[in-house]
Chemist: 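Supplied in structure tokens, the structure appears directly below.
It should be emphasised that the depicted structure is a prediction, and the values quoted were computed from it without experimental measurement. Proteins come first, then strands; the chains are lettered A, B, ... in the order of their sequence lines, and each starts at number 1.
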Amino acid sequence: MDVIAGLGQGFLVALDPINLLYCFIGVFIGTLVGVLPGIGPVSAMSLLLPVTLSGTPESGIIMMAGIYYGSMYGGSTTAVLVNIPGEAASVVTCIDGHEMAKRGRAGPALGIAALGSFVAGTFSIVALMLVAPALSRVAVAFGPPEYFSLMVLGLSILSFLTQGSMAKALLMAAVGVVIGLIGLDQINAMPRLTFDRLELVDGIGLIPVVMGLFGVAEILTNIEQQIRRDIVQSRIGSLWPSKEDLKASAGPVARGTVLGFLLGILPGGGAVISSFASYAIEKKLSRTPERFGKGAIEGVAGPESANNAAAGGAFIPLMTLGIPPNVVMALLLGAFVIHGLQPGPLMMSQNPQIFWGIVASMYVGNIMLLVLNMPLIGMWVQVLKAPYKILFPLILMFCIVGVFASGNAVFDVFVMIGTGVLGYLMRKFGYEAAPLVLAFVLGPMLENNLRKSLILSEGTFDIFVVRPISLVCLLIAAALLIAPLLPALRKKREKVALDATD
Amino acid sequence: MMLRRAEFWGGLFWLAIGAFVAWQGWLLELGTLREPGSGFVFFWLGLIIVAFATSIAIGGLRGEGPLLGDLWRGARWRNVLLVVLALIAFGFMFERLGFVICSLALLLFLMTVVDPVRPTISIPVSLIAAVGVWYVLEKMLLVQLPKGTWVEDFIPF
């Protein structure tokens, strides 16, 4: 289908009043969870996944997508005003954004974050619109070996980029696949690791696992320490950046946008990595790098653009290959599956109204976000003043409700509690949850494609190396896995992790 | 001293899990490479987990990572314990007492015992949240929540 015609059809879907409402709810909730530290897009999307059942597939997915890119916008507000990242991708924004706020320049910091995010968001949608159809045509030729190798590559990249020990990240990925495979064998319907429990025959649900590992674990981690919020008390002032600010930010926004989009496409990459990379590049390119960390507007403009562009780029592997590149996209995949849809190369031809409807809704959502972020900043500041001791019981209750509503089973609530405790202990012992969750989602596809490949090749592993795409993916994955063993590369990886921790 | 390292105990935990997964895979039947069985992937994943867990545990024995006790030094671990116990109690009573009573009790407990808030705030917030969420889900979104097998005869709505 022609891109323009597709987009036209998409706008018809996106501008439908009910879809406009869902889009607004999505970006509003997204901004809210972005603003609130302690609840991120993953928890919010898990919570609202059951709600999408009451509408059409496009409405539900438009809302879920809105939460994701809305949270990228909202995260900057908390980072600038409180020096706490509202969500992980805003960690870098804290550095210069909060310094600007302390020097009475909170307005321009928030303004440039919103403008940069808008530019990056819009660029990534245009790029998504142009790249996705081409990639879909290529992806039709993918067989089980290519899919298997691509998923191995995604998990390897995520493990490589995870902070701290790579052995722990790979271990988590293996555990994630195991948990994902609990239930009936897809090929011969044999129950596996179900321990004669009926509740486990259909497998463990994504929502309780995600809510436990991210929502409950986050709360348990937060309540064991005193959270002190240092909200900037001075007047925020005009949000519109000055001419000099706009001139200084133009380059960082452009570079951050392109970089973020490219990193967003990579399986395992995404918003967090791109914001760090953008900050590092801007600091390196600057004639006055000593200003960074002391309130340089480039240090806000670049990373904020990068994380928003990455949020758009992340839709490409999901929409064209059916492979989620990160946990948020894994949840979106869950939303598609709940509605009986399978994202992938055939999505654009079989369900054009959904693909183009989502793309068009992202244009609309970006405009809504600009409108929300600029004049409503005062309201978000008020939200930030709500004490955590009131917020966390409410968040916990929402987690329970979301999990119960997703499957109407108390068993899921216990799964959430169990994974919550596991997630809390994993944080304590330095194990990351992201590789586990991504592997949990990819697990069934990974096993299915591995077994199909072996059946096709009559039991030889040659099938993975004689096919060029599969070979390239496996070579890159092998290089990433071997890299930490080489001293020079290990230092580089540790530096990335250290920067991220700082 | 080495046995007090968090890495050692973390590694040991995953080692046990990995061994269990590999054993379960073995029981489920591995099949052949031409036709992998239901336990094929479980078995190999179990061994991979064992390998990584062993390397982590050995790291702990070599003195890598923090001491186990340091992980909770200065932390308000009592709060964590109380929240987990409250959630478990909630899980057990959810279908018996129903959503509204359970949520109300959970919210009041968390805002009174775990991280205290003034009653003038905790009581109205708990009431509004529990009843409000029930109303939105049950009445507006038509999501069924447990009414409570012990109390449904006494509830008029």
Chemist: Closer than 3.5 angstrom, by distance alone: can the side chain of A:Arg192 be matched with the main-chain N or O of B:Ser38 as a donor-acceptor pair?
Modeler: yes
Chemist: Nearest 0.5 Å, what's the CG-CD distance between A:Asn188 and B:Glu29?
Modeler: 9.5 Å
Chemist: Hey, what do you get for CH2 (B:Trp14) to CG (A:Leu171), rounding to the nearest 0.5 Å?
Modeler: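 Here the rounded value is 6.5 Å.
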Chemist: Below 4.5 Å from any heavy atom of chain A, which atoms of B:Leu28 appear? Answer side chain, backbone, both or neither.
Modeler: both
Chemist: Below 4.5 Å from any heavy atom of chain A, which atoms of B:Pro66 appear? Answer side chain, backbone, both or neither.
Modeler: neither
Chemist: Could you look at A:Tyr424 and say if it's the side chain, the backbone, both or neither that has a heavy atom under 4.5 Å from chain B?
Modeler: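 The side chain, not the backbone.
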Chemist: At a 4.5 Å cut-off on heavy atoms, which part of A:Leu394 comes close to chain B: side chain, backbone, both, or neither?
Modeler: both
Chemist: For the CD atom of B:Glu35 and the CZ atom of A:Arg451, what is their distance to the nearest 0.5 Å?
Modeler: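 Those atoms lie 9.0 Å apart.
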Chemist: Between B:Leu68 and chain A, with a heavy-atom cut-off of 4.5 Å, which part of the residue counts as in contact: side chain, backbone, both or neither?
Modeler: side chain
Chemist: Can you tell me which portion of B:Val133 sits under 4.5 Å from chain A's heavy atoms? Options are side chain, backbone, both or neither.
Modeler: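 Contact with chain A is through the side chain of B:Val133 alone.
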Chemist: Please walk me through it: do B:Phe40 and A:Leu454 pass side-chain contact (heavy atoms from CB on, under 4.5 Å)?
Modeler: CA-CA 12 Å; B:Phe40 181 81; A:Leu454 287 173; 4.0 Å; yes
Chemist: Let me know if A:Phe414 has heavy atoms under 4.5 Å from chain B in its side chain, its backbone, both or neither.
Modeler: side chain
Chemist: Which atoms of A:Leu396 come close to chain B, meaning under 4.5 Å heavy atom to heavy atom: side chain ones, backbone ones, both, or neither?
Modeler: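 Side chain of A:Leu396 only, per the 4.5 Å heavy-atom cut-off to chain B.
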Chemist: Which bit of A:Leu450 comes within less than 4.5 Å of chain B, counting heavy atoms only: side chain, backbone, both or neither?
Modeler: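 Only the side chain of A:Leu450 comes within 4.5 Å of chain B.
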Chemist: Side chain, backbone, both or neither: which part of A:Val421 has a non-hydrogen atom closer than 4.5 Å to chain B?
Modeler: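 It is the side chain, since no backbone atom gets that close.
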Chemist: What are the residues of residues 81-89 of chain B, in order of number, with any heavy atom under 4.5 angstrom from a heavy atom of chain A?
Modeler: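 Those residues of residues 81-89 of chain B which have a heavy atom under 4.5 Å from chain A are B:Val83, B:Val84, B:Leu87, B:Ile88.
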Chemist: Would you call the rings of B:Phe20 and A:Phe195 parallel, tilted or perpendicular if under 30° counts as parallel and over 60° as perpendicular?
Modeler: parallel
Chemist: Could you give the distance from CZ (B:Arg34) to CG (A:Leu456), rounded to the nearest 0.5 Å?
Modeler: 13.0 Å
Chemist: Applying side chain to side chain contact (heavy atoms under 4.5 Å, CB included), name anything that partners A:Leu474, two or more places apart in sequence or on another chain.
Modeler: A:Ser149, A:Val152, A:Phe464, A:Ser470
Chemist: What's the spacing between A:Met397 CE and B:Ser126 OG if we round to 0.5 Å?
Modeler: 9.0 Å
Chemist: Could you check whether any side-chain N or O of B:Asp115 sits under 3.5 Å from a backbone N or O of A:Lys389, counting only pairs where one atom can act as donor and the other as acceptor?
Modeler: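 Answer holds: no.
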Chemist: So for B:Ile49, is it side chain, backbone, both, or neither that comes closer than 4.5 Å to the heavy atoms of chain A?
Modeler: both
